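Working notes, structure below.
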Amino acid sequence: MNDLIISNALIVPMTEERNCFEGFLRVSDGTVVEIGVGRAPSDGAVHQIIDAPGCVLMPGLVNAHTHLYQVLLRAVWEDLELMPWLKRIYGCARVLTPEHFYAGSLLGCVESIRSGVTTVCEHNFLNPTPECALETIRAMQDAGLRGVFARTIMDTGAIVPECTKETPEQAFRLIEAILARHRNSQQLTFMTGPNTPPINTTPNLLREVRRFADANSLGISAHVAESHSVVEAVRQQHGQNGVVKFLQQFGMPAKNSIFAHSVHVTNDEIQILQETGTSVSHNPVSNMMLGDGVAPVVEMLRQGVNVALGTDGAASNHSQDLFDTMKAASLLQKVHHQDAGVIKPYDVLRMATIGGAKALGLDSLCGSIEVGKRADLILIDIDSAHSQPVNDIFSQIVHCAKASDVKTVIVDGEVLMRDRQFTKLADQKILAEAKRANRDLMHRVSRLSF
Ligand SMILES: [Zn+2]
């Protein structure tokens, strides 16, 4: 028996609204086996105890959309809107190496863990060589996070370098190799998808991706309707009034699909998302940074669409901090609607936990604290000047808590960080290697013309 007990915490299980209580939790072999009110019973057989007075114990946060390696590109090209910015991001593929992907992705994982993220969906889209994807996966595994690796495809586009364009057949062979290699991975699952339809995908690719995803039981991750320019492209190139409507003819909206952004979608398209069970990853900080617009999150929630939260890559965020993202998600809807009560903190917290887990097909494993689920848990220190006194714990997690308040992070029952000390990662060495990778990448990028 490898038991862990966490005691004396304020438990926020995210199972039903307003449910929270002082109590304890017991984990056995990575599974939550007991949750109780009050003090933990002592049975003398426990291996590890974490006493957590002054802490919230809640499910680990789920980052439903990011590009981990982009921490190497923080605050680069930040004054550009989506299309000219993307031209540079894509252009980097001409000089990106597998070493950049490993060093950047591992630093992205360190930042994620330090800000309470236990699950990351890596939307992977630049693969000048197959090793770039493999090194990203290796970083996610080395970090110990629960991961979803969404290996997407591009087969066209004036701003897409030739080295990252693939035929569907070429890409599918590489994805099959990844699946074969990681078939028995405990903490890693896979998705595929068109990267940003229609600006870098042909209709043929969309048809083939749907067929391939169905044949391999893979979910689909795609950037959808991120800016006006994408909606305009679908209108000009395909005569369709909306990216979701365009994608519907290829069967892309579906229960196991996650559409990142969905900023410029009509009410009819929100209805398509709801009827098909498609989830949305809302990435408010990235949307604000690139000047994309405001996603109709309140309307989606009202119509019953499952909404998750994502940071997006650090090239457009510039962090991997979901606490920042939760606060931005809340405030952006309030100011957009000019209505302070338009979105509830609990709904924002749901998006960052069980909403994300559901979007990634992981809600039977994580996203809430329940007996039988895997132990993906975080402890947040709320005994601080900026979090006390506590009057509304849900609002205060969303609006007061900071990433630096996360004390302890547990994934699949394994303690990855305790009292802000990593248990298995050499974070200072990872930081030094990421700095070195950044210097090398920036030197190579300086010789590119865009
Ligand atoms: Zn993205």
Side-chain angles (χ1 to χ4, degrees), residues 62-78 80-93 96 101 104-105 108 111-112 117 119-127 132-133 136 140 147-154 157 159-160 164 191-201 219-227 229-231 243 247 252 257-265 278-293 295 307-322 324-325 328-329 351 356 359-360:
V62 177
N63 188 350
H65 181 84
T66 190
H67 319 286
L68 287 164
Y69 80 94
Q70 283 188 4
V71 296
L72 300 184
L73 296 170
R74 282 187 222 272
V76 180
W77 307 309
E78 66 177 12
L80 298 173
E81 60 184 40
L82 183 67
M83 287 304 173
W85 177 81
L86 269 183
K87 187 176 182 186
R88 285 156 180 81
I89 295 292
Y90 293 166
C92 279
L96 275 164
F101 277 94
S105 297
E111 187 186 359
S112 301
V117 169
T119 298
V120 165
C121 177
E122 162 71 22
H123 178 105
N124 166 264
F125 67 90
L126 287 182
N127 283 298
C132 295
T136 305
M140 294 166 78
V148 177
F149 188 79
R151 203 304 197 165
T152 68
I153 309 166
M154 303 191 277
I159 62 173
V160 180
T164 60
M191 291 179 134
T192 185
N195 182 30
T196 312
I199 63 166
N200 50 42
T201 60
I220 282 179
S221 174
H223 291 119
V224 172
E226 181 171 355
S227 71
S229 50
V230 185
V231 179
V243 181
L247 291 175
M252 287 289 148
S257 295
I258 178 165
F259 286 1
H261 303 299
S262 304
V263 173
H264 298 281
V265 293
T278 307
S279 292
V280 166
S281 167
H282 177 44
N283 310 300
V285 176
S286 173
N287 296 158
M288 288 192 279
M289 195 64 79
L290 291 168
D292 288 331
V307 183
L309 277 188
T311 55
D312 210 350
S316 61
N317 182 297
H318 303 355
S319 83
Q320 296 295 286
D321 177 352
L322 265 186
D324 263 5
T325 297
M351 290 192 265
L360 301 174

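Side-chain atoms are counted along with the backbone in the values below, which use heavy atoms only and exclude waters and symmetry mates. Remember, predicted model here, so these are calculated numbers, not experimental data. Atoms within each ligand, like the ligands themselves, are counted from 1 in listed order.
- Looking at residues two or more places apart in sequence or on another chain, you find a side chain to side chain contact (heavy atoms under 4.5 Å, CB included) between A315 and Q70, L73, W85, I89.
- The backbone N or O of G157 sits nowhere less than 3.5 Å from a side-chain atom of N200 that would complete a donor-acceptor pair.
- Side chains of T66 and Q320: a donor-acceptor N/O pair is present below 3.5 angstrom, by distance only.
- Inter-residue side-chain proximity for T164 and Y90 is flagged as unmet; no heavy-atom pair is nearer than 4.5 Å.
- Under the rule for a ring-ring contact (aromatic ring centres under 6.0 Å, His included), the partners of H264 that lie at least two apart in sequence or sit in another chain are H228.
- Sorted by first then second residue, the salt bridge (Lys or Arg N to Asp or Glu O under 4.0 Å) pairs that include residues 62-76, not counting sequence neighbours, are R74-E111.
- Taking a cut-off of 2.8 Å, the protein N, O or S atoms nearer than that to the Zn ion (ligand 1) are H65 NE2, H67 NE2, H223 NE2, D312 OD1.
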